[in-house]
There are 2 protein chains.
Amino acid sequence: MNAPFRRGDGIAAWKRIADGLEGEIAAGRFRRGERLPTEAQLAAQHGVNRHTVRRALSALAERGLVRATQGSGTFVEAPPLRYPIGPRTRFSEIATAAGREAWGRLLSAREITADPALAEALDLPPGSPVLELDTLHEADGVPISTGLTRLPLPRFAGFAERYAETGSITRAYASYGVTDYLRRSTRITARHATPEETEALDLAPGRVVLVLDSVNTDAQGHPIQATHSRFAADRVELSA
Amino acid sequence: MNAPFRRGDGIAAWKRIADGLEGEIAAGRFRRGERLPTEAQLAAQHGVNRHTVRRALSALAERGLVRATQGSGTFVEAPPLRYPIGPRTRFSEIATAAGREAWGRLLSAREITADPALAEALDLPPGSPVLELDTLHEADGVPISTGLTRLPLPRFAGFAERYAETGSITRAYASYGVTDYLRRSTRITARHATPEETEALDLAPGRVVLVLDSVNTDAQGHPIQATHSRFAADRVELSA
DNA sequence: CCGCATTTGTTCGTATGTATT
DNA sequence: TAATACATACGAACAAATGCG
């Protein structure tokens, strides 16, 4: 089928195989969720060793195009490009983006114990109980960001329920008497999306997320939340 | 030195080696730019095959912690450098505060005519002459960002020469009587590096850049520059 | 400038572990 | 339980880039 591999011809065999598979996926030859031929089959087809096929598949897996499942097979992950490139959603305030606005959907909530870094951020003793909320934020039906919001627990017990009721972090805080809050710090980084983030934000494979870590305090300067927000970088534009 | 590897003991050998190396890097056992032991040496140290070491190193390289160069070795990449941004921050001040040597290097300069977007940003009529500077910023010899700085031209004629002389945008502005400037706007996005940026910033292929577009004004509120900065995302951490 | 040793990159072959079907 | 399919690991060989004498 393919020209036999010859060693040292400029382009690595695994790279050619990876490019070929990517092209076939892009061309619709394999659809989302479909199982690729087994490593052994691909190796035979291309006349290479199974290791070479694995190198190619791992390159695709790294970018989120496929996912290998032990014992089962290697499956196409690439979702259709549901969200065409458009104007980016603009956030006028980083603090807004970091979680003090009234938008967002609560995915799950759990009680955890603060690791040293989180404890320091929230001015708590290490090991203190903390409420952790998973949230998803959308604009016009398009996922924009996922948030991990952590609140000191004795103080904000039941926050998840009030958030779910009011649908607003601001109103939920108000029910605890917190009517104003200040940003203590914001750190901004960027990196590739993890598989979980790719899933949650419905991203195309290999995309970039903007990461905001911020700590907000009440008017008295006591930390009331530490948030870890990840934005789909090609859908947003932060304004400082 | 290390406990001998035993197959099938729960955690893959390559993962343990990767975690160990990551810990050593984090602990400062290896410094930025330092060469790691060769693959053969690491294999011998851990009592594993060279492939197993390569698997570990590739996991670290994927995350930008190390970079392998054929024929040369595997080197530790720069740890994140905090880079605060705020209403009045300049590169040299920040880097000085961080205890790092800062300097911008002028790569090239040219005169262009402002497109509508740029003209609006600088409060100029479209088609106005604008001076465009390509700059590279480093800390401790490591490229941190590349900048595209555009200045309104009748006002700042000869800026490139003064910048080259002083090595500082701040001092160059001072020579035009601009001793203070304010940030009018900052937009933050992130994406994959272009080949040009990969080259300029000496990045490994496929890395991410943080993009800052900002407009600065003088004390009277007149725009004095519109900059388009691209930071190596895994070498910086912006603080707002 | 050449040649050589060093070091990483690619590929094959083989064996075995482990999860899924 | 057995067959299938991916995961991990070892060993060998050669290719390609770097750096030094």
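Residue numbers begin at 1 in each chain, while the letters A, B, ... track the order of the sequences.
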Distance check: side-chain N/O of [X] vs OP1/OP2 of [N], anything under 4.0 Å?
{"X": "B:N49", "N": "D:dG11", "answer": "yes"}
{"X": "B:T74", "N": "C:dT8", "answer": "yes"}
{"X": "B:S72", "N": "C:dT7", "answer": "no"}

More than 12 heavy atoms of other groups within 6.0 Å of B:E111 CD: yes
Shortest non-hydrogen contact from B:R35 toward B:F75: CG-CE2, 3.3 Å
Shortest side-chain distance from A:H51, nucleotide among C:dT11, D:dA9, D:dA7: D:dA9
Side chain of A:Q70 - closest among C:dT11, D:dA17, C:dT18: C:dT18
Partners passing salt bridge (Lys or Arg N to Asp or Glu O under 4.0 Å) against B:R67 (at least two apart in sequence or in another chain): B:E77, B:D202
Residue list, salt bridge (Lys or Arg N to Asp or Glu O under 4.0 Å) with B:D134, at least two apart or on another chain: B:R110
Any pair counted as salt bridge (Lys or Arg N to Asp or Glu O under 4.0 Å), so long as it reaches residues 36-55 of chain A, sequence neighbours left out: A:E39-A:R50, A:E39-A:R54
Close residues, residues 52-64 of chain B, relative to DNA chain C [heavy-atom separation under 4.0 Å]: B:R54
Stretch residues 35-43 of chain A: residues that reach within less than 4.0 Å of DNA chain C through a heavy atom: none
Separation of [X] atom [atom1] from [N] atom [atom2], in whole Å?
{"X": "B:F75", "N": "C:dT8", "atom1": "CZ", "atom2": "C1'", "answer": "11 Å"}
{"X": "B:R50", "N": "D:dA12", "atom1": "CZ", "atom2": "P", "answer": "13 Å"}
{"X": "A:I11", "N": "C:dT10", "atom1": "CD1", "atom2": "P", "answer": "12 Å"}

A:L124: side-chain contact (heavy atoms from CB on, under 4.5 Å) partners, not counting sequence neighbours: A:L122, A:S128, A:V130, A:P152
Non-neighbouring partners of B:A56 that pass side-chain contact (heavy atoms from CB on, under 4.5 Å), sequence neighbours left out: B:W14, B:I17, B:A18
Distance-only criterion, 3.5 Å: show the donor-acceptor pairs between side-chain atoms of residues 22-31 of chain B and protein atoms not counting sequence neighbours.
residue, atom, partner, partner atom, Å
B:E22, OE1, B:R63, NH1, 3.0
B:E22, OE2, B:R63, NH2, 2.8

Results of side chain to side chain donor-acceptor pair (under 3.5 Å) for A:H51 - residues two or more places apart only: none
